[in-house]
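Chain naming here is simple, since letters A, B, ... match the order of the sequence lines and numbering starts at 1 in each.
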Amino acid sequence: EVQLVQSGAEVRKPGESLKISCRTSEDDFVTYWFAWVRQMPGTGLEWMGVIFPYDSDTRYSPSFQGQVTISVDKSISTVFLEWNSLRASDTALYYCAKLAVTTFPHAFDMWGQGTMVTVSA
Amino acid sequence: IQMTQSPSSLSASIGDRVSITCRASQAISDTLAWYQQKPGKAPKLLLYGSSRLEIGVPSRFSGSGSGTDYTLSISSLQPEDFATYYCQQYDGHHITFGQGTRLDIK
């Protein structure tokens, strides 16, 4: 069964950097788009951006452009979400998700278990 | 494209039929998905293309709509259906979610 397995919970101080990961066993990893979705405590879902591992084509939501970096390591079938300087407002649960088809945009048919990021002094 | 879901919360009983609506700020050509999220769990895809049921999703879930207005219906509520539901549009170059509808037991 194909799965998305995310890295574990993280606690950081404001201003610190962080990179979280999402590994998949999907055989056709490079031909699907993978996204990151934020869920702040007690709130709804926000799409942050997507990446296409085949050529590293990356698209960002205007709300997150310049705030985070999405990247991929094809050799280990893993996508990443990175911050250079965290803020308290980055405290949230972050999901990676796979698009259901090989074209962007579309619905997400598979989700990781989520990575909780806590930013506190 | 902004997505406005209504109601924000809903109370219903086992066996009831319920509907949740989602309105887009512009026409989205049926590029609309619905998700179910239970506490502490990742969202689960229910329908895409406005009315296409994802494999394994019970047939009591259905979707309809066109243009800017879309509806998720659950024909006969089961205990496992009490959760939060989100719509998501995927028209154009970006993706946006509705703010969610919490469905709980009356």
Side-chain angles (χ1 to χ4, degrees), chain A residues 1-9 20 22-24 32-52 57-65 67 70 92-116, chain B residues 1-9 20 22 24-26 28-57 61 63 65 70 72 83-103:
Chain A
E1 178 186 337
V2 178
Q3 289 184 315
L4 298 179
V5 179
Q6 296 185 229
S7 51
I20 62 175
C22 172
R23 177 176 53 83
T24 178
Y32 284 95
W33 291 83
F34 291 85
W36 289 96
V37 175
R38 183 175 79 175
Q39 188 165 39
M40 298 178 76
T43 68
L45 306 170
E46 301 172 88
W47 172 67
M48 303 175 71
V50 289
I51 191 163
F52 189 59
D57 186 2
T58 309
R59 319 281 177 89
Y60 292 95
S61 160
S63 299
F64 292 93
Q65 179 81 49
Q67 308 304 309
I70 296 173
L93 182 62
Y94 293 87
Y95 288 105
C96 69
K98 169 189 159 292
L99 266 68
V101 299
T102 58
T103 55
F104 173 79
H106 207 273
F108 303 110
D109 68 340
M110 190 177 305
W111 295 69
Q113 82 277 21
T115 296
M116 185 67 207
Chain B
I1 299 173
Q2 306 302 315
M3 304 301 292
T4 304
Q5 240 180 281
S6 61
S8 57
S9 64
I20 298 167
C22 207
S25 58
Q26 64 189 66
I28 56 171
S29 305
D30 295 350
T31 54
L32 193 284
W34 290 97
Y35 299 86
Q36 176 193 69
Q37 186 179 32
K38 296 183 178 179
K41 298 293 186 182
K44 173 188 174 184
L45 178 63
L46 300 175
L47 299 110
Y48 62 95
S50 173
S51 61
R52 299 184 179 190
L53 206 62
E54 176 72 348
I55 295 170
V57 174
F61 291 91
Y70 296 86
L72 169 69
T84 300
Y85 292 84
Y86 295 93
C87 63
Q88 174 225 325
Q89 70 79 24
Y90 49 95
D91 187 62
H93 300 289
H94 295 298
I95 287 170
T96 46
F97 290 91
Q99 75 273 29
T101 295
R102 178 175 173 172
L103 173 60

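- Contacts with chain B were tallied for A/P62, A/A97, A/G49, A/S61; A/P62 has the most, counting heavy-atom pairs under 4.5 Å.
- Chain B forms the most heavy-atom pairs under 4.5 Å with one residue out of A/Q39, A/H106, A/Q113, A/R59, and that residue is A/H106.
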Take A/V37 and B/F97 through the test side-chain contact (heavy atoms from CB on, under 4.5 Å) and record every step on the way to the result. CA-CA 10 Å; A/V37 175; B/F97 290 91; 4.2 Å; yes
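- Atom NE2 of B/H94 is separated from atom OH of A/Y60 by 13.0 Å, given to the nearest 0.5 angstrom.
- The structure places CG of A/L45 at 11.5 Å from CD1 of B/I95, a figure rounded to the nearest 0.5 Å.
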Apply side-chain contact (heavy atoms from CB on, under 4.5 Å) to A/F108 and B/Q88, showing your working. CA-CA 10 Å; A/F108 303 110; B/Q88 174 225 325; 3.8 Å; yes
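- Here B/P43 is the residue among B/G98, B/P43, B/G100 with the most heavy-atom pairs under 4.5 Å with chain A.
- Heavy atoms closer than 4.5 Å to chain B are found in the backbone of A/E46, but not in its side chain.
- Relative orientation of the B/Y35 and A/W111 rings is perpendicular, given thresholds of 30° and 60° on the angle between their planes.
- Residue B/K38 qualifies as enclosed at atom NZ: its count of foreign heavy atoms under 6.0 Å is above 12.
- A/T103 OG1 to B/Y90 OH: the interatomic distance, rounded to the nearest 0.5 Å, is 9.5 Å.
- The minimum heavy-atom distance between A/G44 and B/Y86, with the atom names listed, is CA-OH, 3.5 Å.
- Interface residue A/Y95: only side-chain heavy atoms are found under 4.5 Å from chain B.
- Only the side chain of B/Q37 has a heavy atom closer than 4.5 Å to any heavy atom of chain A.
- Taking each heavy atom of B/A42 and A/G112 in turn, the nearest pair found is CB-O, 3.4 Å.
- Interface residue A/T43: only backbone heavy atoms are found under 4.5 Å from chain B.
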